[in-house]
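Below, all heavy atoms of this structure are taken into account, side chains as well, without hydrogens, waters or symmetry copies.
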Amino acid sequence: MIKYQLFIIAILFGACQTPTRESIRELEGEAQGSTYHIKYIAHTDENFKPAIDSILQVIDISMSTYRPDSAISKINEGNETVVVDPHFRKVFEASRQIWQQSGGLFDPTVGVLVNAWGFGKQKIDEASLPTEEQIATLKNYVGFEKVTLTDDNHIEKAYPQILFDFNAIAQGYTSDVVAAFLDSRGIENYLVEIAGEMYLKGRNTIENKPWTIGVENPIKPLDDRELVATIQFTNQGLATSGNYRKVWTDANGRKYVHSINPLTGKATQSDVLSATVVHPSTMFADGYATMFMVMGLERSKAFLKQHSDLAVLLVYTDEKNQEQIFKTKPFEKLMVH
């Protein structure tokens with residue numbers, strides 16, 4: 001699932017706005033195949049960038065499928081001696097919980113299907129898409145019930161061909177870890193954004209107002225950006241999933257995006273164009289947002305009826321090919337009117 005970044009409103013400050021005792025610091029760099037941006041209210045001159053870059057490096061070495069030396073890459077290659085770290089375990093356990101709640105529609109063992117449909121590191125053309133027979137074979141190597149994380153931190157797989165892919169949840173987790181680091185250094189007001197997934201705490205004390213986040217319409221072009229919601233919150237994470245500005249139109253003019261369904265093994269058409277979730281854990285917000293993309297609108301509504309505490313906004317297309325917005329009551333309470 002392609003992640004996209006949110007529009008951050010009114011949090012840039014000129015030098016003339018910086019008080020002598022408090023200042024806003026901005027850090028940025030590359031992380032997990034994308035970028036990160038961090039803003040925090042500082043009371044000292046301490047530079048946190050080296051420590052944060054070190055944290056990002058450690059998580060990459062654990063769970064980046066783009067690094068051949070990472071634990072997850074070695075496990076995918078069949079190395080049974082790998083001892084996973086606490087980062088891997090936390091993401092694994094959260095993934096299992098969401099997998100169970102989703103009825104299998106969220107599944108980080110979907111790696112073989114991600115590759116087969118050309119959503120992985122190597123792109124493929126239409127002629128190379130998997131056949132029904134190939135899909136049936138690949139489905140044998142998908143299913144979180146087929147993997148185990150042992151007490152001594154080893155992964156056991158029912159089939160060596162099973163491939164892990166934590167991209168749908170790891171970036172949210174990383175935002176939580178960086179936020180926890182800032183907490184440990186006594187920072188009380190900050191915004192952490194890693195590859196579009198955010199954790200916010202406190203407020204903008206420089207201008208004495210809350211952090212404000214704008215959620216973009218996923219199908220509007222970059223030169224014609226449109227916000228579908230403006231929200232304010234604190235001490236929570238936010239994640240948005242969607243094939244951002246990669247929306248297909250069928251012969252009847254219906255807009256849809258492709259999401260891999262782990263149960264069918266196919267890249268299915270989803271009427272949900274984007275899903276935004278606000279949650280105390282950015283990791284869970286990230287996983288749930290991806291889950292809603294695979295579920296589609298009606299299943300997502302049914303899930304949210306049973307989990308009425310979730311703050312969620314879905315952008316979808318109706319039967320008349322019109323863009324519509326569904327939002328839960330907890331999400332509405334965050335909106336700036």
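- Residues in residues 168-184 take part in these salt bridge (Lys or Arg N to Asp or Glu O under 4.0 Å) pairs, two or more places apart or across chains: Asp183-Lys201.
- Considering CG of Asp165 and CD1 of Ile72, their distance stands at 6.5 Å, rounded to 0.5 Å.
- For the side-chain contact (heavy atoms from CB on, under 4.5 Å) test, no residue two or more places apart in sequence or in another chain qualifies with Asn140.
- The closest donor-acceptor contact from the side chain of Asn189 to the backbone of Arg203 lies under 3.5 Å.
- We find the CZ-CG distance between Phe331 and Leu313 to be 4.5 Å, quoted to the nearest 0.5 Å.
- Panel note: side chain Ser54, backbone Pro50; no donor-acceptor pair is recorded below 3.5 Å.
- For Glu80, the side-chain contact (heavy atoms from CB on, under 4.5 Å) criterion is met by no residue, not counting sequence neighbours.
- The line from CH2 of Trp211 to CD1 of Ile213 is 9.0 Å long, rounded to the nearest 0.5 Å.
- Side-chain atoms of Ser70 do not come within 3.5 Å of backbone N or O of Thr65 as any donor-acceptor pair.
- Taking the six-membered ring where the residue is Trp, Phe166 and Phe92 present perpendicular rings, their angle passing 60° and hence far from 30°.
- Using the six-membered ring where Trp is involved, Phe303 and His307 have ring planes that are parallel, under 30° apart on the 30 and 60° scheme.
- Taken together through direct or relayed side-chain contacts under 4.5 Å among Ile, Leu, Val, Met, Phe, Trp and Tyr, Ile194 and Val58 form parts of separate hydrophobic clusters.
- The two atoms that bring Ser73 and Ser64 nearest to each other are OG-O, 3.4 Å, heavy atoms only.
- Hydrophobic clustering, with ILVMFWY side chains joined whenever heavy atoms are under 4.5 angstrom apart, keeps Ile61 apart from Ile169.
- Contacts classified as ring-ring contact (aromatic ring centres under 6.0 Å, His included) and involving residues 57-77 (residues at least two apart or in different chains) are not found.
- In this structure, Arg25 pairs ionically with Asp45, as a charged nitrogen and a carboxylate oxygen lie closer than 4.0 Å.
- Clustering ILVMFWY residues whenever any of their side-chain heavy atoms sit less than 4.5 angstrom apart, transitively, puts Val83 in a cluster other than the one holding Leu149.
- Gln171 CD to Ser241 OG: the interatomic distance, rounded to the nearest 0.5 Å, is 9.0 Å.
- Between the side chain of Thr150 and the backbone N or O of His154 there is at least one donor-acceptor pair closer than 3.5 Å.
- Heavy atoms only, all atoms of each residue included: Ile41 and Ile206 are closest at CD1-CG1, 3.7 Å.
- Between Tyr199 and Pro280, the shortest heavy-atom distance links the atoms CE1-O, 3.4 Å.
- Taking hydrophobic clusters as Ile, Leu, Val, Met, Phe, Trp and Tyr residues chained together by side-chain heavy-atom distances below 4.5 Å, Ile135 shares a cluster with Tyr159.
- Note that CG of Leu138 and CD of Glu133 are 11.0 Å apart. Values are rounded to the nearest 0.5 Å.
- Contact check on Lys266 versus Glu132 returns a salt bridge, with a Lys/Arg side-chain nitrogen under 4.0 Å from an Asp/Glu carboxylate oxygen.
- Between the Tyr173 side chain and the Thr282 main chain, no donor and acceptor come within less than 3.5 Å of each other.
- Listed by first and then second residue, the salt bridge (Lys or Arg N to Asp or Glu O under 4.0 Å) pairs that reach into residues 86-96 are Arg89-Glu93, sequence neighbours excluded.
- The two atoms that bring Tyr36 and Ala31 nearest to each other are CD2-CB, 3.8 Å, heavy atoms only.
- At distances below 3.5 Å, at least one donor-acceptor pair connects side-chain atoms of Ser270 with backbone N or O atoms of Met293.
- Using modelled atom types, one side-chain atom of Ser102 and one backbone atom of Trp99 make a donor-acceptor pair closer than 3.5 Å.
- Between the side chain of Thr328 and the main chain of Leu310, a donor-acceptor pair closer than 3.5 Å is present.
- In this structure, Asp107 contributes its side chain and Phe144 its backbone to a donor-acceptor pair below 3.5 Å.
- Remark: Ile38 CD1 to Leu182 CG distance equals 6.0 Å, nearest 0.5 Å.
- Between Lys320 and Asp318 no salt bridge is recorded (no basic side-chain N to carboxylate O distance below 4.0 Å).
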For Ile98 and Met291: C-alpha separation, side-chain torsions, deciding distance, then whether side chain to side chain contact (heavy atoms under 4.5 Å, CB included) applies. CA-CA 8 Å; Ile98 300 174; Met291 179 190 74; 4.2 Å; yes
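- Side-chain atoms of Ser34 do not come within 3.5 Å of backbone N or O of Glu30 as any donor-acceptor pair.
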Pairs under 3.5 angstrom only: tabulate donor-acceptor contacts from the side chains of residues 294-302 to other protein residues two or more places apart or in another chain.
unit_1	atom_1	unit_2	atom_2	d
Ser300	OG	Phe292	O	3.4
Ser300	OG	Gly296	O	2.6

